[in-house]
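As the structure is a prediction and not an experimental result, all values here were calculated from the model. Here is the naming used below: chain letters follow the sequence lines, and residue numbers restart at 1 for every chain.
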Amino acid sequence: MSLLKRLIPFLLLDEDRLVKTVGFSSPKYIGDPINAIKLFNDLGADEIVVLNINRNRSQNPLPYEMIHEICSEAFMPIAYGGGISSVDQMKELFRTGIEKVVVNSSFYSNPSLIPEAVKIFGSQSIVGSIDVKKTLFGGYNVMSQSGQKKVDLSLLEVITRFQESGVGEIIIQDIGKEGSLSGMNLELLKTVAPVCKVPLVFSSGLSSFEEAKAILRIFDVNALAAGSLFVYYGPKKAVLINYPNETEMRQIQGLND
Amino acid sequence: MHQILIVDYGSGNIGSIKNMLNKIGAPSIFATDPAEADSTFVGGIILPGVGSFDHAVTRLQASGWIAKIKEIAASDRYPILGICLGMQLLLNSSEEGNLPGLGIIPGTVTRFPDIEGFKVPHMGWNFVNKSRKNILSDDFAGSEKYYFVHSYFAKTDSADHTFLECKYGDINFAAGISNNRVHGVQFHPEKSHRYGYKLLKAFAESI
């Protein structure tokens, strides 16, 4: 029995509120994080990633109290990311009940952080996250600092370096597709899937669960992540926490095929 | 009204266990002192566990929990549920360490081999199969899955003591073990939403 394919809600945390962005900007209020977790418990989400997108996150200590509340409330594993820059922070996060930590910008400013963390906590606990932005010429720039800063390495080079650093899985987000509900960037997925030796979590733009099922069937991707799809419903984007039920999940995972 | 005592020996996030029991409506308390297990209000014990075998055994030995749990099991005073490492501690020994386990359920713990395509630790959701009848899995429909995180797997000496099995790669291992009213599960029910809830509810009702 190999790993089940996963559908992972990405929840964006801004202090004590959940928000949803489009293209990494214009955050809209979604609701209370603890309420959302409770709902995802009832709906049976298998795993959740909480990303702290607060602008001042690098100046402040991590919101451990909120994270503790989230972990205590959650009946599924929680991964946390957003401004993580030290092994001490990771230690505290694991102690608080976080299952995996997600590292993005710190990887570029401190390349030894992840190898050190992997040695202490094990690769299965460390996730590398890569944000990309399509260029005018059809290629991709890798971005850091919530899409503010361009990284001077090619996307494939970044993936390779993350893998060499020992991460247990890799997340890829397409900034241009984020929050769009317009369908995932399959051209990008086609490029990165063959290169990823560790489980790949592909994100951004997922429009429906039907699309998820098709993508999981066709591409060699371990998991699909989404924000809008799990927190919005309908053409007017009403806030509604939702997740496929057991039967629907089996369908999406291709277990009944 | 009987409470479930959750052994607190510094083994990580036990908040989720209490929260799930709260949701079930089963009152619970954390306890660091084994003397609390003698209270007439206690009707069951949960032994959680995260980290390494010897480290856990040392802590439990030092605090007096090893003796207390053995005593409760021997007298069949009330049910016990070991979770993850807590389950492995119920067995005789583990490849992970040198110290003996509680030996309440005969069996051993072995490390997963490194096989291409099956990374260690076994981390993620996986399905379990019923291999024996058990009070904790009575109403399982056959599609139950649970969240696992472990590098070592258990096998009981007698097949009669394994009631749930799981497969990772070529390895069939014990996901649920039981001897009388002493039970253990390799997975984390407190991180397995509705499936974990069902199992913990059955445990609470067995008190």
Is there a side-chain contact between B/Q186 and B/C84 (heavy atoms, below 4.5 Å)? yes
Largest heavy-atom contact set with chain A, pairs under 4.5 Å, which of B/P189, B/S143, B/G196, B/G124: B/S143
Ion pair check, A/R95 and A/E92, cut-off under 4.0 Å: yes
Flag the one option from B/N19, B/V120, B/N22, B/D170 with the top tally of heavy-atom pairs under 4.5 Å to chain A. B/N19
For A/I98, is it the side chain, the backbone, both or neither that has a heavy atom under 4.5 Å from a heavy atom of chain B? neither
Examine whether an atom of A/D46 lies under 4.5 Å from a heavy atom of chain B, and if so say whether it belongs to the side chain, the backbone or both; otherwise answer neither. both
What part of A/K100 gets within 4.5 angstrom of chain B, counting heavy atoms only: side chain, backbone, both, or neither? side chain
Could you look at B/Y197 and say if it's the side chain, the backbone, both or neither that has a heavy atom under 4.5 Å from chain A? neither
Return yes if a side-chain donor-acceptor contact under 3.5 Å exists between B/T162 and B/T156, otherwise no. yes
Using non-hydrogen atoms only, which part of B/S192 is less than 4.5 Å away from chain A: side chain, backbone, both, or neither? backbone
Between B/E205 and B/K201, does any NZ, NE, NH1 or NH2 come within less than 4.0 Å of an OD or OE carboxylate oxygen? yes
So do A/E99 and B/V149 actually touch side chain to side chain, heavy atoms under 4.5 Å? yes
Just so I understand: if I count every heavy-atom pair under 4.5 Å between each of B/H122, B/K23, B/H188 and chain A, which residue has the most? B/K23
Let me know if A/S123 has heavy atoms under 4.5 Å from chain B in its side chain, its backbone, both or neither. side chain
Distance (rounded to the nearest 0.5 Å) between A/Y80 OH and A/L13 CG: 6.0 Å
Side-chain contact, heavy-atom cut-off 4.5 Å: B/V57 with B/L60? no
